[in-house]
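A quick write-up on the structure given underneath.
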Amino acid sequence: MPSVIDHAVQVRLLATTPGPHAVPAVLHYQPADPLAVRMSFPPEISLDGVAVDWAFARELLDEGLRGPAGRGDVRVRPLGPDRTVMEFHADEGIAMVQLKTAEVRLFLARSYEAVPAGRERTLLAVERGLAELFGAA
């Protein structure tokens, strides 16, 4: 079983300035943290010049391919058949990016191969049990 799944994606940063800006980003999935997905953005797009990582539920990303999902800091929704929009809400404002839906589906398929849907909590229980066992030795 792979320890980490990284999937490079090209996103379009949707800004108030004319024209979208293409930005590299990476979707991350670790079976050791089976409920979460992370998305990393390079420092050049942040206000303070520091790389930005967002963590959110894998299920949220999956649901957002079919319809609007999320009410918190991260929201996902389809934009036609080929694009997915992600919104990241912070105190400083809202960042919106657009991804190719096919790339998101490919990433999710790889994550579901590593940890099938519905098996996340079982894996967490096993990991917790192993930690207790080895911690006691």
Task: Test item: Tyr29 side-chain N/O and Val4 main-chain N/O as donor-acceptor pair under 3.5 Å - done: no

- [ ] Look up atom CG in Leu99 and atom CG in Asp82, then write down how far apart they are to the nearest 0.5 Å.
- [x] 12.5 Å

TODO: Verify the distance criterion only: is there a donor paired with an acceptor across the side chains of His28 and Asp6 at less than 3.5 Å?
DONE: yes

TODO: Of all the heavy-atom pairs spanning Ala25 and Met39, show the shortest one and how long it is.
DONE: CB-CE, 4.0 Å

Task: Short side-chain to backbone donor-acceptor contact, Thr101 and Arg83, under 3.5 Å - done: yes

Task: Over all atoms of both residues, closest heavy-atom pair of Pro68 and Pro78 - done: N-CD, 4.0 Å

- [ ] With the side chain counted from C-beta on, respond yes when Val74 and Trp54 share a heavy-atom pair under 4.5 Å apart, and no when they do not.
- [x] yes

- [ ] Would you check if Met86 and Met96 make a side-chain contact, meaning some heavy-atom pair closer than 4.5 Å?
- [x] no

Open item on the list: Contact between Val23 and Pro42 at the side-chain level, heavy atoms closer than 4.5 Å - yes or no?
Closed with: yes

Task: Side-chain heavy-atom pair Pro43, Val50 within 4.5 angstrom cut-off - done: no

Open item on the list: Is any side-chain heavy atom of Asp73 closer than 4.5 Å to one of Phe56?
Closed with: no

Task: Heavy-atom pair of closest approach, residues Ala69 and Glu63 - done: CB-CB, 3.9 Å

Task: Residue Gln10 excluded, over 12 heavy atoms near CD under 6.0 Å - done: yes

Task: Leu65 side chain near Leu108 side chain, heavy-atom distance below 4.5 Å - done: yes

Task: Non-hydrogen atoms of Pro34 and Val115 that approach each other most closely - done: CB-CG1, 4.0 Å

Open item on the list: With rounding to the nearest 0.5 angstrom, report the CG to OG1 distance, Leu79 to Thr84.
Closed with: 8.0 Å

Task: Side-chain (Arg105) to main-chain (Asp62) donor-acceptor, under 3.5 angstrom - done: no

TODO: Can you measure from OH (Tyr112) to CD1 (Ile5) and round to the nearest 0.5 angstrom?
DONE: 11.5 Å

Task: Side chains of Val97 and Phe88 in contact at under 4.5 Å (non-hydrogen atoms) - done: yes

TODO: Compare all side-chain heavy atoms of Leu27 with those of Arg38 and state whether any distance is below 4.5 angstrom.
DONE: no

